[in-house]
Amino acid sequence: MKRRVAILISGRGSNMAALIDAAKLSDFPAEIAMVISNQPDAPGLVTASQSGVPTLTIESKRFGKDRAAFEAALQTALDQHKVELICLAGFMRLLTAEFVQRWYGRMLNIHPSLLPSFPGLEPQAQALRAGVKISGATVHFVIPETDAGPIVMQGAVPVADDDTPETLAARILAVEHRIYPDALRLVAGGGVRLEGDLCKAPANVAREDVLIAPGPVSPL
Ligand code: GAR
């Protein structure tokens, strides 16, 4: 039986689209049961509808500061669609600790940095300010702390001297579109187990050996 997944978005939805595409494969262990947006004008809603995935808008603005009421509406929708797993994909609203704990081990997020480095806003600009030579993206289980939680999968990219936040974001986004579907396949297929704060994937082996940046360095 395929696990029933809800994708939560707030905007563009390119990671959502990657997940929807992957889930079309007959051997994929999850199906996208619905896409929920907290923003009525999220472009991702159109993409999802065009792919034949049911969409729902629960406008967070309508609930003001009442996060519990927003999440009650969210939970009702998830129950109605018998959702078993949640994927946050550019979902830009903080969830309460209570909601997060209820979904612990069943809710994933993707963040465009190699966590625990650079959580929060503008992680690509943070990476450039820190001068790191390698950055990337992380898929992790969600815990109450923002952009933290047991790490399921990471993908790395080199950072160039002349990168801007935009060029780095584009390079990282391409990796996001690879690792989010792979991480969902792993989790939905029962390929991971949570051990305290850590996520272990027993059958996991690195696909590519090593990434060194900058490189290669020629002799002087
Ligand atoms: C993605 O880069 C995602 O990693 C990031 O928002 C973007 C959404 O793009 N999420 C976060 O920063 C979460 N802290 P998308 O709507 O095209 O998937």
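Indexing begins at 1, ligand by ligand and atom by atom, following the structure's order.
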Problem set entry | Donor-acceptor contact below 3.5 Å, side chain D66 vs main chain F63 | no

Exercise. Mind checking whether S14 has an N or O less than 3.5 Å away from an N or O of ligand 1?
Worked result: yes

Problem set entry | Numbered atoms of ligand 1 (with element) below 4.0 Å of H111, judged on heavy atoms | 4 (O), 11 (C), 12 (O), 13 (C), 14 (N)

Exercise. So is there a nitrogen or oxygen of G90 less than 3.5 Å from a nitrogen or oxygen in ligand 1?
Worked result: no

For this session: Could you tell me whether ligand 1 has any atom less than 4.0 Å away from a heavy atom of I9?
Result: no

Problem set entry | Contact check: D147 vs ligand 1, nitrogen or oxygen atoms, below 3.5 angstrom | yes

Problem set entry | Shortest protein heavy-atom distance from atom 3 (C) of ligand 1, along with the residue and atom involved | E176 OE1, 3.3 Å

For this session: Tell me, yes or no, whether the heavy-atom count around L121 atom CG, taken from other residues, nucleotides or ligands under 6.0 Å, exceeds 12.
Result: no

Exercise. With atoms numbered from 1 as shown, which atoms in ligand 1 lie under 4.0 angstrom from a non-hydrogen atom of G13?
Worked result: 15 (P), 16 (O), 17 (O)

Exercise. Identify the closest protein heavy atom to atom 12 (O) of ligand 1: which residue and atom is it, and at what distance?
Worked result: P112 CD, 3.4 Å

For this session: Measure from NZ or CZ of R93 to the centre of the six-membered ring of F70, then state whether that distance is under 6.0 Å and the direction lies within 45° of the axis.
Result: yes

For this session: Distance to 0.1 Å, residue and atom name: give those for the protein heavy atom nearest to atom 9 (O) of ligand 1.
Result: R12 NH2, 3.1 Å

For this session: Mind checking whether L88 contacts ligand 1 via backbone (N, CA, C, O), side chain (CB onward), both or neither, at a 4.0 Å heavy-atom cut-off?
Result: neither

For this session: Give the residue, atom name and distance (to 0.1 Å) of the protein heavy atom nearest atom 10 (N) of ligand 1.
Result: I110 O, 3.5 Å

Exercise. For L95, does its backbone N or O pair with a side-chain atom of E71 as donor and acceptor, under 3.5 Å?
Worked result: no

Exercise. Do we see a donor-acceptor contact under 3.5 Å between the side chains of Q154 and T138?
Worked result: yes

Exercise. D21: what forms a salt bridge (charged side-chain N to carboxylate O under 4.0 Å, His left out) with it, not counting sequence neighbours?
Worked result: K24

Exercise. Do NZ/NE/NH1/NH2 and the carboxylate oxygens of K82 and E84 come within less than 4.0 Å?
Worked result: no

Problem set entry | Ligand-side contact atoms (ligand 1) for residue partner M92, heavy atom cut-off under 4.0 Å | 6 (O), 10 (N), 11 (C), 12 (O)

Exercise. Would you find a donor on one side and an acceptor on the other, under 3.5 Å apart, between the side chain of R171 and the backbone of P158?
Worked result: yes

